[in-house]
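Predicted model only: the values in this text are computed from it and were never measured.
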Amino acid sequence: MRVRLVPCLRDNYAYLVWRAGAKEALVVDPSETEPVLEALRVEGLTLAGILNTHHHYDHVGGNAALVERFGPLPVFAHASDAGRVPAQTVELEQGSVVALAGLSFDVLHVPGHTLGAVAYAGEGAVFTGDTLFAAGCGRLFEGTAAMMYESLNSKLGALPDATRVYPGHEYTETNLRFAAHVEPANREVVAKLERVRAERSRAEPTIPSTIGEERLTNPFLRVTSPALVALVAGELGGERAPAEVFGALRAMKDAF
């Protein structure tokens with residue numbers, strides 16, 4: 001599978017994905033139309049379908065114009081987002097499979113950021129929208145901390161270490177600054193923050209990460225780390241369950 005990052009808006013990423021040698025591609029979370037059209041033109045591809053991770057406008061804003069441009073297209077999103085995702089034609093559930101343009105993705109329902117958030121896992125990669133970021137996770141707009149904990153640690157965190165992670169935003173540097181704040185002795189975090197700062201100084205993307213990297217550097221996948229457990233115990237008074245540690249860390253990040 002080939003993946004082309006398509007920067008959109010201020011810090012969003014859409015993703016053009018296709019099988020090497022193919023003439024058709026899929027797009028994940030097209031917040032804008034023109035950048036996607038330009039990426040298709042450069043790669044000499046036509047669009048075969050749209051994969052949306054959730055209903056927020058900065059992930060679906062280009063849907064309608066792309067469907068108008070390319071004719072009837074399958075537009076995938078969670079069943080609960082029907083009516084909120086423009087031009088949606090396919091309603092997904094946990095365990096659904098998207099097979100199109102020579103590619104295949106398993107659908108993971110990952111509520112927390114929104115109730116209908118999904119991730120698309122396959123071909124050695126996972127497209128996570130605003131659920132899992134490099135070194136971070138999305139805010140809890142519709143779901144609960146317990147939901148997001150399960151989505152991250154039981155579903156996305158269960159993927160193989162080599163799985164490439166393609167999130168919806170370029171938030172890595174800010175996320176790593178928080179990770180270093182809450183776990184300052186984590187050498188992996190310190191080293192990655194240094195690398196990411198250099199990449200951003202050159203205006204380079206920090207994506208993709210991998211699930212293995214996230215296990216080492218993402219505090220929201222490290223809620224059983226002794227340092228983070230102790231930090232939350234000190235803040236809340238007494239040791240807490242992993243989901244409660246997650247919730248406390250998310251609240252800290254909101255105020256960071």
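Ring planes of Phe127 and Phe105: perpendicular class, angle over 60° (limits at 30 and 60°).
Closest of all the heavy-atom pairs between Ala135 and Leu176 is CB-CD2, 3.6 Å. The heavy-atom pair separating Ala162 from Thr210 by the smallest distance is O-CG2, 4.3 Å. In plain terms, the two heavy atoms of Pro7 and Pro35 that are nearest each other are O-CB, 3.8 Å. Of all heavy-atom pairs between Asp29 and Gly129, the closest is OD2-CA, 4.0 Å.
For the pair Asp81 (side chain) and Ala77 (backbone), a donor-acceptor distance under 3.5 Å is absent. For the pair Arg195 (side chain) and Ala191 (backbone), a donor-acceptor distance under 3.5 Å is absent. With hydrogens and angles ignored, the 3.5 Å screen pairs no side-chain donor or acceptor of Tyr166 with any backbone N or O of Ala14. For the pair Ser151 (side chain) and Met147 (backbone), a donor-acceptor distance under 3.5 Å is present. In this structure, Asn52 contributes its side chain and His59 its backbone to a donor-acceptor pair below 3.5 Å.
The distance from the OH atom of Tyr15 to the CZ atom of Arg4 is 13.5 Å, given to the nearest 0.5 Å. Within the model, atoms NZ of Lys155 and OG1 of Thr131 stand 10.0 Å from one another, a figure rounded to the nearest 0.5 Å. Distance check: Leu216 CG to Leu221 CG gives 10.0 Å after rounding to the nearest 0.5 Å. Considering CG of Leu45 and CG of Leu47, their distance stands at 9.5 Å, rounded to 0.5 Å. Atom OG1 of Thr114 is separated from atom CZ of Arg84 by 7.0 Å, given to the nearest 0.5 angstrom. Separation of atoms CG (Leu5) and CG (Leu16) is listed at 10.5 Å; rounding is to 0.5 Å.
For the ring pair (Phe, Tyr, Trp, His ring centres under 6.0 Å) test, residues two or more places apart in sequence or in another chain that qualify with His109 are His78. The salt bridge (charged side-chain N to carboxylate O under 4.0 Å, His left out) check on Glu188 picks up nothing, with sequence neighbours excluded. The ring pair (Phe, Tyr, Trp, His ring centres under 6.0 Å) check on His56 picks up His54, His113, Phe141, with sequence neighbours excluded. Scored by the side chain to side chain contact (heavy atoms under 4.5 Å, CB included) test, Ser154 finds Glu150 as partners (sequence neighbours excluded).
Side-chain atoms of Leu156 and Val110, non-hydrogen and from C-beta on, do get closer than 4.5 Å to each other. Side chains of Val60 and Pro86 form a contact here, defined as non-hydrogen atoms less than 4.5 Å apart. Proximity of Pro219 to Leu228: side-chain heavy atoms (C-beta onward) are separated by under 4.5 Å at one or more points. The closest side-chain heavy-atom distance from Pro30 to Val36 is below 4.5 Å.
Remark: Glu38 CD is packed, more than 12 non-hydrogen atoms of other residues, nucleotides or ligands lying under 6.0 Å away. By the 6.0 Å contact criterion, CD on Glu43 is enclosed, its count of non-hydrogen atoms from other residues, nucleotides or ligands being greater than 12. Other residues, nucleotides and ligands contribute over 12 non-hydrogen atoms within 6.0 Å of the CD atom of Gln94. By the neighbour-count criterion of 12 heavy atoms within 6.0 Å, atom CZ of Arg215 is densely surrounded, having more than that number from other residues, nucleotides or ligands.
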Table please: side-chain donor-acceptor pairs of residues 69-76 below 3.5 Å, with sequence neighbours left out.
none

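Ion pair Glu123/Arg19 flagged as a salt bridge, since at least one NZ, NE, NH1 or NH2 atom sits closer than 4.0 Å to an Asp/Glu carboxylate oxygen.
Each of Glu214, Glu183, Glu173 was checked for a salt bridge (charged side-chain N to carboxylate O under 4.0 Å, His left out) with Lys192, and the lone residue meeting it is Glu214. Phe133 pairs with exactly one of Tyr171, Phe178, Phe220 by the ring pair (Phe, Tyr, Trp, His ring centres under 6.0 Å) rule, that one being Tyr171.
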| request: Begin with the C-alpha distance, continue with both residues' side-chain angles, and end with the deciding distance and a verdict on salt bridge (Lys or Arg N to Asp or Glu O under 4.0 Å) for Arg222 and Glu213. | output: CA-CA 11 Å; Arg222 295 178 54 76; Glu213 281 185 67; over 6 Å; no
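Asp58 and Ser31 share no side-chain donor-acceptor pair at under 3.5 Å.
Taking the six-membered ring for Trp and the full ring otherwise, Tyr13 and His169 have centroids separated by 6.0 Å or more.
Counting only residues at least two apart or on different chains, no salt bridge (Lys or Arg N to Asp or Glu O under 4.0 Å) pair has a member in residues 88-110.
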